[in-house]
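Following: one structure in structure tokens, then a few remarks.
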Amino acid sequence: GIGKILVLAVGFLVVAVVIGQKLMPKLFDAASYLRSHGMLLAVSLLVCFSLAYLAAVVGLAPIVGAFTAGLILDEVHYEDLANRSDHASVEELIAPLTGLLVPVFFVIMGARVDLTVFAQTSVLNFAFWLTIAAIVGKQICSLGVVDKGLDRFVVGLGMIPRGEVGLIFIGIGASMTLHGKTVVDPATFGAVVIMVIVTTMVTPPLITWRFGKVGAVTEAPQETAKLNDTPQEATRAARS
């Protein structure tokens with residue numbers, strides 16, 4: 001079953017992205033001929049809901065289709081339509097919807113948490129190691145950064161937070177049953193919620209700390225260079 005899901009997910013992602021990259025420019029170009037306000041948002045939601053529906057049809061979670069839609073809704077594809085109709089990006093147009101629905105989503109997820117599990121030592125222990133795995137795992141992923149001048153550690157820190165996606169999948173698991181038992185029990189659900197909270201809260205101070213370290217390293221050579229400048233060079237540098 002796991003192998004089948006993996007093949008379906010990867011296959012759906014690859015096919016949808018390849019086809020979408022070719023189809024999206026034509027779709028947005030056709031929509032631009034309607035010259036109607038709100039076309040960019042309407043077409044973007046159409047793509048999102050259509051791919052979410054197709055993912056559900058093939059046996060995947062709808063969020064996989066929605067995620068794929070986010071990959072193919074590239075700004076370069078709808079730039080002309082945005083300039084003609086809405087004069088804004090998809091992110092800006094979708095902001096009112098997210099402002100309404102995201103808080104509702106988090107309230108629903110919070111209401112599903114069984115607070116009594118937080119008193120169980122085993123749950124807290126599991127949440128601790130789950131959080132460690134979430135943090136360390138992203139640092140391993142950051143090793144894939146090969147561009148010179150980019151701090152891999154900063155990239156890894158930026159990927160630490162787990163948010164809506166993790167909660168969506170854990171919510172799906174909590175609503176599914178296997179042999180009469182839920183796939184995700186209340187204890188696991190509570191541990192994941194703790195992990196999401198902790199990873200979201202520790203990331204900003206860690207990034208601030210790291211940027212401070214990087215800034216101190218880069219400023220030192222600049223200060224040294226200023227000391228070695230001639231008066232004329234120092235004057236030009238001050239003006240710039």
Side-chain angles (χ1 to χ4, degrees), residues 1-17 20 45 47-73 94 97-98 100-142 144 156 158-203:
I2 294 176
K4 179 182 178 181
I5 294 174
L6 181 62
V7 171
L8 280 175
V10 174
F12 182 89
L13 187 67
V14 172
V15 173
V17 169
L45 290 177
V47 173
C48 178
F49 291 143
S50 298
L51 287 175
Y53 172 75
L54 289 175
V57 168
V58 300
L60 298 172
I63 189 178
V64 176
F67 176 78
T68 306
L71 293 178
I72 63 179
L73 287 174
I94 207 75
L97 289 176
T98 57
L100 171 65
L101 298 179
V102 170
V104 175
F105 165 76
F106 280 111
V107 169
I108 293 175
M109 289 294 105
R112 298 179 66 175
V113 176
D114 182 3
L115 296 179
T116 60
V117 302
F118 293 157
Q120 301 177 19
T121 305
S122 59
V123 173
L124 298 178
N125 184 55
F126 179 43
F128 171 78
W129 289 110
L130 197 61
T131 303
I132 295 298
I135 295 174
V136 175
K138 289 305 181 181
Q139 306 317 305
I140 296 175
C141 293
S142 68
M159 293 190 295
I160 287 176
R162 302 298 199 277
E164 294 90 340
V165 176
L167 293 176
I168 288 172
F169 278 110
I170 203 71
I172 293 173
S175 63
M176 299 175 63
T177 58
L178 182 65
H179 303 306
K181 297 182 179 179
T182 56
V183 175
V184 176
D185 59 20
T188 303
F189 193 98
V192 172
V193 169
I194 294 175
M195 180 270 293
V196 169
I197 294 173
V198 173
T199 55
T200 301
M201 294 183 64
V202 301
T203 299

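All values below come from the heavy atoms of this structure, side chains included, with hydrogens, waters and symmetry mates left out.
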- Roughly how far, to the nearest 0.5 Å, is the CD1 atom of Ile194 from the CZ atom of Phe128? 12.5 Å

- Can you tell me how far the CD1 atom of Ile63 sits from the OG1 atom of Thr68, to the nearest 0.5 Å? 10.0 Å

- Item | Non-hydrogen atoms of Arg112 and Ser175 that approach each other most closely | NH2-N, 4.0 Å

- Item | Set of residues satisfying side chain to side chain donor-acceptor pair (under 3.5 Å) with respect to Thr116, sequence neighbours excluded | Asp114

- Value for CG (Leu130) from CG (Asn125), rounded to nearest 0.5 Å, stands at 11.0 Å

- Note on the structure: Closest non-hydrogen atoms of Ala55 and Pro62, given as atom of the first, atom of the second and distance, are CB-CA, 4.4 Å

- Message: Looking at Gln139, is its backbone amide N or carbonyl O close enough to the side chain of Ser142 to form a donor-acceptor pair, meaning the two atoms are under 3.5 Å apart?
- Response: yes

- Message: Using the side chain to side chain donor-acceptor pair (under 3.5 Å) criterion, which residues pair with Thr199? Sequence neighbours excluded.
- Response: none

- Nearest-0.5 Å distance, OG1 of residue Thr188 to CE of residue Met195: 11.5 Å

- In terms of heavy-atom contacts, does OH of Tyr53 have more than 12 from other residues, nucleotides or ligands at under 6.0 Å? no

- Determine whether more than 12 heavy atoms belonging to other residues, nucleotides or ligands lie under 6.0 Å from atom CZ of Phe118. yes

- Atom OG1 of Thr131 and atom CZ of Phe126: how far apart are they, to the nearest 0.5 Å? 9.5 Å

- Query: From Cys141 SG over to Ile160 CD1, what is the distance, rounded to the nearest 0.5 angstrom?
  - Reply: 11.0 Å

